[in-house]
Amino acid sequence: MASTLSQVFRDNPLPLNHIIPLDFTSVHSLPESHVWPAFDGFPFGTTYPGEKFSIPIIDLMDPNAAQLVGHACEKWGAFQLTSHGLPSILTDDVESQTRRLFALPAHDKMKALRLPSGGTGYGQARISPFYPKFMWHEGFTIMGSAVDHARKLWPDDYKGFCDVMENYQKKMKELAESLLHIFLESLNISKEEYRSTTIQRGRKACNTALQLNSYPPCPDPNRAMGLAPHTDSLLFTIVHQSHTSGLQILRDGVGWITVFPLEGALVVNVGDLLHILSNGRYPSVLHRAVVNQAEHRISLAYFYGPPADSLISPLCNLVSSGQQVVAPRYRSVSVKEYVDLKEKHKEKALSLLRL
């Protein structure tokens with residue numbers, strides 16, 4: 001059976017003008033189609049130095065990791081993760097292969113263009129239709145094997161790319177499963193309670209996608225947007241950043257805060273389904289990507305969630321800090337139904353589930 005994302009994408013096809021990226025090498029000034037109007041927090045956002053305005057850094061091997069994760073999710077919706085076990089040689093390889101892909105000429109990348117009703121391949125961010133201006137971004141989405149698209153890009157030399165992406169996804173899935181257990185422990189939820197809450201209906205496979213992101217150098221970065229503000233739909237996302245900063249998260253009462261790359265660390269952010277599962281205790285974090293004039297920034301986002309037909313609802317035994325039981329704030333929803341709502345309503349999707 002197809003994954004949730006594939007099913008929903010078939011039901012919500014996009015027009016080609018919101019799939020085909022700009023040929024960034026062909027322009028020397030910012031096209032009007034990519035000029036974003038000034039609004040609150042844009043273009044410059046808010047960047048605060050020092051630990052006070054930096055997301056928490058958590059060592060996965062720390063005996064108190066679950067408690068630290070819980071605090072980070074409540075206060076920030078994101079954290080940087082170290083001692084995660086992902087070999088540096090693998091992150092180097094996957095970054096190298098990602099740069100290899102995006103360095104191809106535009107006409108070659110177009111051979112792997114995402115179909116209007118498809119979920120994988122080369123193209124713009126799927127949130128593009130929600131905005132009147134285009135983003136300074138190109139992406140490549142992988143769900144499972146990348147062979148079909150990679151063959152079109154490198155007919156005689158695709159194996160290296162596919163092997164690296166397959167290995168990376170395997171390691172990321174192992175890490176995601178470990179993180180899921182830590183999230184549950186931080187919420188004082190057992191695996192059995194989680195399984196009874198996310199009704200699997202016979203399905204065992206998790207729901208994942210790997211998104212390769214490219215933000216080429218921009219001739220006028222103060223008037224362009226790399227990736228517009230959004231939350232992620234599934235349980236959580238694990239992000240590998242290159243050495244160039246650009247990821248920003250929105251913190252209530254503070255503003256936009258840059259998540260500076262930390263050598264060897266991965267960024268983990270809460271998604272909408274974990275927001276629902278935690279009854280709003282762990283808020284899904286609004287984040288965006290800004291661009292720069294000098295460097296080509298890349299990132300890799302691994303999205304992790306339950307199977308397509310799982311039913312998600314707030315865990316009924318969550319309590320407030322005063323140990324008083326809190327009523328469910330969100331109705332139950334299947335993963336497929338929620339991702340479909342997100343495709344149609346973007347950030348309004350969560351509010352449509354409020355009780």
Side-chain angles (χ1 to χ4, degrees), residues 1-15 18-19 77 114-121 123-131 139-144 169 172-173 176 179-180 183 194 197-213 227-239 268-280 282-288 301-314 329-355:
M1 186 182 293
S3 74
T4 296
L5 299 179
S6 294
Q7 291 172 319
V8 173
F9 295 160
R10 281 200 299 269
D11 296 337
N12 296 277
L14 298 181
H18 285 292
I19 300 175
R114 192 175 70 231
L115 295 175
S117 59
T120 60
Q124 296 186 61
R126 289 196 64 89
I127 60 175
S128 175
F130 289 96
Y131 299 97
F140 189 89
T141 310
I142 302 171
M143 299 180 199
Q169 290 182 93
M172 293 301 280
K173 183 181 178 183
L179 278 171
L180 175 60
F183 280 124
Y194 171 74
T197 302
T198 56
I199 302 170
Q200 306 265 324
R201 297 179 182 172
R203 295 271 317 276
K204 298 296 182 183
C206 59
N207 193 53
T208 67
L210 176 61
Q211 175 73 24
L212 314 181
N213 297 305
L227 203 57
H230 65 286
T231 61
D232 294 337
S233 300
L234 300 183
L235 282 174
F236 56 88
T237 307
I238 308 173
V239 179
V268 181
N269 65 265
V270 174
D272 295 343
L273 295 186
L274 186 53
H275 182 119
I276 295 169
L277 200 68
S278 68
N279 204 26
Y282 293 174
S284 53
V285 64
L286 199 66
H287 55 285
R288 69 182 186 183
Y302 183 82
F303 303 97
Y304 183 86
D309 43 9
S310 296
L311 196 64
I312 298 292
S313 60
R329 296 188 174 102
Y330 301 92
R331 70 169 176 85
S332 299
V333 64
S334 73
V335 175
K336 183 181 184 302
E337 180 189 357
Y338 183 73
V339 178
D340 186 65
L341 278 174
K342 194 69 177 286
E343 283 287 300
K344 291 181 171 67
H345 303 286
K346 197 174 170 280
E347 306 314 321
K348 295 179 181 178
L350 266 180
S351 65
L352 296 175
L353 302 180
R354 288 296 300 249
L355 294 174

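Taking both residues in full, the closest heavy atoms of Tyr131 and Pro229 are given as OH-O, 3.0 Å, listed atom of the first, atom of the second, then distance. Considering all non-hydrogen atoms of both residues, Ser128 and Gln124 come closest at OG-OE1, 3.4 Å. Contact detail for Pro116 and Ile19: the closest heavy-atom pair is CA-CD1, 3.4 Å. Annotation for Val285 and Gly77: closest pair CG1-O, 3.4 Å, computed over non-hydrogen atoms. The two residues Cys206 and Lys173 come nearest to each other via the heavy atoms SG-CE, 3.5 Å.
Side-chain atoms of Leu341 and Leu353, non-hydrogen and from C-beta on, do get closer than 4.5 Å to each other. Here the side chains of Ile312 and Tyr338 are not in contact, with every heavy-atom distance at 4.5 Å or above. In this structure, the side chains of Asp232 and Ser284 stay at 4.5 Å or more apart for every pair of heavy atoms. Contact annotation: the side chain of Arg126 approaches that of Phe9 to within less than 4.5 Å [non-hydrogen atoms, C-beta and beyond]. For the pair Leu234 and Val339, the minimum side-chain heavy-atom distance is below 4.5 Å. The shortest side-chain heavy-atom distance between Pro307 and Val335 does not fall under the 4.5 Å cut-off.
Residue Thr120 holds its OG1 atom at 7.5 Å from CZ of Phe140, rounded to the nearest 0.5 Å. Residue Phe303 holds its CZ atom at 9.5 Å from CE of Met143, rounded to the nearest 0.5 Å. Between atom OG of residue Ser278 and atom CG of residue Leu273 there is a gap of 10.5 Å, rounded to the nearest 0.5 Å. Separation of atoms NE2 (His345) and CZ (Phe130) is listed at 8.5 Å; rounding is to 0.5 Å. From Leu14, atom CG reaches atom CG of Leu115 across 11.0 Å, with rounding to the nearest 0.5 Å. Between the OG atom in Ser313 and the CG atom in Leu277 there is a gap of 7.5 Å [rounded to 0.5 Å].
For the ring pair (Phe, Tyr, Trp, His ring centres under 6.0 Å) with Phe236, the qualifying choice from Tyr282, Tyr302, Phe183 is Phe183, the only one to do so.
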Run the numbers on Leu210 and Met172 for side-chain contact (heavy atoms from CB on, under 4.5 Å), then give the verdict. CA-CA 9 Å; Leu210 176 61; Met172 293 301 280; 5.9 Å; no

Arg288 and His230: CA distance, side-chain angles, deciding distance, side-chain contact (heavy atoms from CB on, under 4.5 Å) verdict: CA-CA 7 Å; Arg288 69 182 186 183; His230 65 286; 5.7 Å; no

Carefully, step by step, assess His275 and Tyr330 under the rule side-chain contact (heavy atoms from CB on, under 4.5 Å). CA-CA 10 Å; His275 182 119; Tyr330 301 92; 2.7 Å; yes

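Under the 4.0 Å criterion applied to side-chain N and carboxylate O atoms, Asp340 and Lys336 are not assigned as salt-bridge partners.
Not a single donor-acceptor pair under 3.5 Å links the side chain of Asn207 to the backbone N or O of Gly305.
Here Asp272 pairs with Lys342 under the salt bridge (Lys or Arg N to Asp or Glu O under 4.0 Å) rule; sequence neighbours left out. Residues satisfying the salt bridge (Lys or Arg N to Asp or Glu O under 4.0 Å) test with Arg331, not counting sequence neighbours, are Glu337.
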